[in-house]
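Working notes for the structure below.
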Amino acid sequence: MAIAFCSVTTLPTQLAAQTDASLGDADEQNPESFEKKEDQPEREKKGNILNIILDKTPAMSTERGTLVIDAYIDSNSNSLWDADEPDLKGEIVCTIDDLDYPVPAFIPGLDYNARYKISCQGAGHYQPTASQKNVLIARRGQIIKMTIPCRKTSSAE
(Lines give C-alpha, C1' and ligand atoms only; values in the text may rest on other atoms or scores of the structure.)
Protein backbone atom coordinates (compact mmCIF):
# COMPACT_ATOMS: atom_id res chain seq x y z
CA MET A 1 0.00 0.00 0.00
CA ALA A 2 2.82 2.39 0.83
CA ILE A 3 4.55 1.62 -2.48
CA ALA A 4 1.43 2.44 -4.47
CA PHE A 5 1.06 5.69 -2.56
CA CYS A 6 4.65 6.72 -3.29
CA SER A 7 4.34 5.95 -6.98
CA VAL A 8 1.12 7.98 -7.20
CA THR A 9 2.71 11.01 -5.54
CA THR A 10 5.84 10.93 -7.71
CA LEU A 11 4.01 10.22 -10.98
CA PRO A 12 2.76 13.80 -11.57
CA THR A 13 6.26 15.14 -10.91
CA GLN A 14 7.75 12.76 -13.46
CA LEU A 15 5.05 13.58 -16.02
CA ALA A 16 5.53 17.29 -15.51
CA ALA A 17 9.27 16.92 -16.02
CA GLN A 18 8.73 14.88 -19.20
CA THR A 19 6.18 17.35 -20.51
CA ASP A 20 8.42 20.36 -19.84
CA ALA A 21 11.33 18.62 -21.50
CA SER A 22 9.33 17.60 -24.58
CA LEU A 23 7.80 21.05 -25.05
CA GLY A 24 10.96 23.07 -24.75
CA ASP A 25 10.91 26.83 -25.08
CA ALA A 26 8.67 28.61 -27.56
CA ASP A 27 11.79 30.04 -29.24
CA GLU A 28 13.12 26.55 -29.94
CA GLN A 29 10.00 25.42 -31.83
CA ASN A 30 9.75 26.17 -35.51
CA PRO A 31 6.47 27.25 -37.17
CA GLU A 32 6.42 24.07 -39.26
CA SER A 33 5.74 21.99 -36.14
CA PHE A 34 2.32 23.64 -35.77
CA GLU A 35 1.14 22.98 -39.31
CA LYS A 36 -1.31 20.18 -40.07
CA LYS A 37 0.25 17.28 -41.87
CA GLU A 38 -1.74 16.31 -44.95
CA ASP A 39 -0.63 12.68 -45.00
CA GLN A 40 -2.34 11.82 -41.71
CA PRO A 41 -5.80 10.23 -42.09
CA GLU A 42 -8.71 12.26 -40.73
CA ARG A 43 -10.34 10.80 -37.64
CA GLU A 44 -13.69 9.19 -38.25
CA LYS A 45 -16.57 10.97 -36.56
CA LYS A 46 -18.62 8.66 -34.39
CA GLY A 47 -22.19 9.21 -33.25
CA ASN A 48 -23.19 9.45 -29.64
CA ILE A 49 -25.81 7.28 -27.95
CA LEU A 50 -28.62 9.69 -28.90
CA ASN A 51 -27.71 9.38 -32.58
CA ILE A 52 -27.83 5.62 -32.32
CA ILE A 53 -31.16 5.44 -30.46
CA LEU A 54 -33.02 8.34 -32.07
CA ASP A 55 -31.30 8.14 -35.47
CA LYS A 56 -30.55 11.87 -35.22
CA THR A 57 -29.35 14.40 -32.72
CA PRO A 58 -32.02 16.35 -30.88
CA ALA A 59 -32.11 20.04 -31.74
CA MET A 60 -30.48 22.38 -29.27
CA SER A 61 -32.59 25.06 -27.62
CA THR A 62 -30.80 27.73 -29.65
CA GLU A 63 -32.04 26.03 -32.83
CA ARG A 64 -35.67 26.20 -31.74
CA GLY A 65 -38.07 29.08 -31.32
CA THR A 66 -39.69 30.49 -28.21
CA LEU A 67 -43.12 32.08 -27.89
CA VAL A 68 -43.99 34.52 -25.09
CA ILE A 69 -47.68 35.40 -24.73
CA ASP A 70 -49.13 38.22 -22.64
CA ALA A 71 -52.72 39.48 -22.39
CA TYR A 72 -54.02 42.89 -21.39
CA ILE A 73 -57.31 44.77 -21.04
CA ASP A 74 -57.68 46.94 -24.13
CA SER A 75 -59.90 49.59 -22.58
CA ASN A 76 -59.78 52.01 -25.56
CA SER A 77 -60.04 49.25 -28.26
CA ASN A 78 -57.00 50.42 -30.21
CA SER A 79 -55.20 47.02 -30.08
CA LEU A 80 -52.12 48.69 -28.59
CA TRP A 81 -50.97 48.04 -25.04
CA ASP A 82 -51.01 51.50 -23.49
CA ALA A 83 -49.28 52.29 -20.20
CA ASP A 84 -52.56 52.67 -18.28
CA GLU A 85 -53.98 49.31 -19.42
CA PRO A 86 -53.44 46.46 -16.92
CA ASP A 87 -52.23 43.01 -17.84
CA LEU A 88 -54.36 39.90 -17.34
CA LYS A 89 -53.03 36.93 -15.44
CA GLY A 90 -54.88 33.64 -15.45
CA GLU A 91 -57.88 35.01 -17.37
CA ILE A 92 -56.90 33.80 -20.87
CA VAL A 93 -55.91 30.30 -22.04
CA CYS A 94 -54.13 29.70 -25.36
CA THR A 95 -53.99 26.34 -27.13
CA ILE A 96 -50.99 25.30 -29.24
CA ASP A 97 -50.61 21.74 -30.58
CA ASP A 98 -53.53 20.56 -28.40
CA LEU A 99 -51.84 21.85 -25.23
CA ASP A 100 -53.44 24.58 -23.10
CA TYR A 101 -51.23 27.35 -21.70
CA PRO A 102 -52.54 29.87 -19.16
CA VAL A 103 -51.44 33.39 -20.07
CA PRO A 104 -48.87 34.83 -19.39
CA ALA A 105 -47.08 31.93 -21.06
CA PHE A 106 -43.49 31.11 -21.97
CA ILE A 107 -43.39 28.32 -24.56
CA PRO A 108 -39.90 27.14 -25.60
CA GLY A 109 -38.88 24.37 -27.99
CA LEU A 110 -40.92 25.32 -31.07
CA ASP A 111 -39.60 23.77 -34.26
CA TYR A 112 -37.62 25.88 -36.71
CA ASN A 113 -39.43 26.72 -39.96
CA ALA A 114 -42.80 25.55 -38.62
CA ARG A 115 -46.20 27.25 -38.45
CA TYR A 116 -48.26 27.14 -35.28
CA LYS A 117 -51.95 27.90 -35.01
CA ILE A 118 -52.72 29.59 -31.70
CA SER A 119 -56.28 29.80 -30.46
CA CYS A 120 -57.09 31.76 -27.32
CA GLN A 121 -60.23 31.95 -25.24
CA GLY A 122 -61.24 33.60 -22.02
CA ALA A 123 -61.33 31.57 -18.85
CA GLY A 124 -63.30 34.11 -16.85
CA HIS A 125 -64.69 37.60 -17.35
CA TYR A 126 -62.49 38.55 -20.30
CA GLN A 127 -62.32 37.48 -23.94
CA PRO A 128 -59.57 38.12 -26.50
CA THR A 129 -60.55 40.41 -29.38
CA ALA A 130 -59.01 37.95 -31.87
CA SER A 131 -59.45 34.26 -31.12
CA GLN A 132 -56.86 32.79 -33.51
CA LYS A 133 -53.40 33.76 -34.72
CA ASN A 134 -50.72 32.00 -36.75
CA VAL A 135 -47.05 32.09 -35.87
CA LEU A 136 -44.10 31.11 -38.06
CA ILE A 137 -40.73 30.31 -36.52
CA ALA A 138 -38.62 31.73 -39.36
CA ARG A 139 -35.18 31.78 -37.73
CA ARG A 140 -33.33 29.43 -35.44
CA GLY A 141 -33.51 30.67 -31.87
CA GLN A 142 -36.23 33.20 -32.69
CA ILE A 143 -38.18 34.67 -29.76
CA ILE A 144 -41.67 35.86 -30.62
CA LYS A 145 -43.54 38.07 -28.17
CA MET A 146 -47.27 38.12 -28.69
CA THR A 147 -49.68 40.40 -26.82
CA ILE A 148 -53.38 39.66 -26.83
CA PRO A 149 -55.82 42.55 -26.44
CA CYS A 150 -58.89 41.55 -24.40
CA ARG A 151 -62.19 43.11 -23.43
CA LYS A 152 -64.68 42.46 -20.64
CA THR A 153 -67.50 40.11 -21.50
CA SER A 154 -71.06 41.38 -21.36
CA SER A 155 -71.77 39.07 -18.41
CA ALA A 156 -68.94 40.68 -16.41
CA GLU A 157 -70.26 44.23 -16.76
Side-chain angles (χ1 to χ4, degrees), residues 8 11-12 15-16 19-20 22-23 25-27 29 31-157:
V8 170
L11 185 60
L15 285 176
T19 305
D20 290 342
S22 64
L23 288 178
D25 292 334
D27 297 335
Q29 296 178 351
E32 295 171 2
S33 65
F34 292 107
E35 294 177 6
K36 181 180 176 184
K37 301 207 187 283
E38 297 298 327
D39 58 324
Q40 294 178 351
E42 191 173 322
R43 296 175 80 185
E44 182 181 328
K45 295 181 181 178
K46 296 181 181 179
N48 60 23
I49 191 72
L50 292 174
N51 289 346
I52 295 168
I53 294 172
L54 302 174
D55 195 30
K56 65 178 182 175
T57 354
M60 295 174 50
S61 60
T62 55
E63 294 178 352
R64 296 178 168 262
T66 302
L67 179 62
V68 179
I69 305 173
D70 284 313
Y72 65 96
I73 301 171
D74 190 15
S75 56
N76 57 5
S77 299
N78 66 351
S79 296
L80 297 173
W81 195 350
D82 300 321
D84 61 336
E85 296 174 333
D87 62 334
L88 291 175
K89 294 184 180 183
E91 295 286 335
I92 305 295
V93 175
C94 291
T95 305
I96 302 170
D97 285 345
D98 297 326
L99 293 172
D100 291 337
Y101 296 94
V103 176
F106 177 83
I107 307 164
L110 300 176
D111 290 332
Y112 161 68
N113 210 12
R115 288 192 188 276
Y116 291 92
K117 182 179 176 183
I118 303 165
S119 60
C120 300
Q121 59 277 352
H125 302 290
Y126 298 94
Q127 288 293 325
T129 56
S131 61
Q132 290 187 353
K133 289 191 176 193
N134 291 320
V135 172
L136 170 66
I137 305 299
R139 296 184 324 264
R140 287 183 168 89
Q142 183 177 12
I143 299 173
I144 298 174
K145 182 166 174 58
M146 190 169 83
T147 55
I148 302 170
C150 300
R151 64 180 183 278
K152 280 188 174 186
T153 60
S154 58
S155 62
E157 295 176 354

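Numbering starts at 1 and runs along the sequence shown.
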Compile the donor-acceptor pairs under 3.5 Å between side chains in residues 79-93 and protein atoms, sequence neighbours left out, one pair per line.
from, atom 1, to, atom 2, distance (Å)
W81, NE1, E85, O, 2.9
D82, OD2, N76, ND2, 2.7
D82, OD2, N78, ND2, 3.3
E85, OE1, D82, N, 3.0
E85, OE2, S75, N, 3.2
E85, OE2, S75, OG, 3.4
E91, OE1, H125, N, 3.4

Review item, side-chain donor-acceptor pairs of residues 95-117, under 3.5 Å, at least two apart:
from, atom 1, to, atom 2, distance (Å)
T95, OG1, D100, OD1, 2.6
D111, OD1, R64, NH1, 2.6
Y116, OH, D111, N, 2.8

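- In this structure, Y72 and C150 have side chains that are not in contact, with every pair of non-hydrogen atoms separated by 4.5 Å or more.
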Item to check | Stepwise side chain to side chain contact (heavy atoms under 4.5 Å, CB included) check, K152 with Y126 | outcome: CA-CA 4 Å; K152 280 188 174 186; Y126 298 94; 3.2 Å; yes
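- When every heavy atom of Q127 is checked against every heavy atom of T153, the shortest pair comes out as CG-CG2, 3.3 Å.
- For the pair G122 and P128, the tightest heavy-atom approach, listed with the atom from each and the gap, is N-CD, 3.7 Å.
- Put simply, CG on N134 and CD1 on I118 are 8.0 Å apart, with the number rounded to the nearest 0.5 Å.
- Going from atom NZ of K133 over to atom OG of S119 covers 13.0 Å, rounded to the nearest 0.5 Å.
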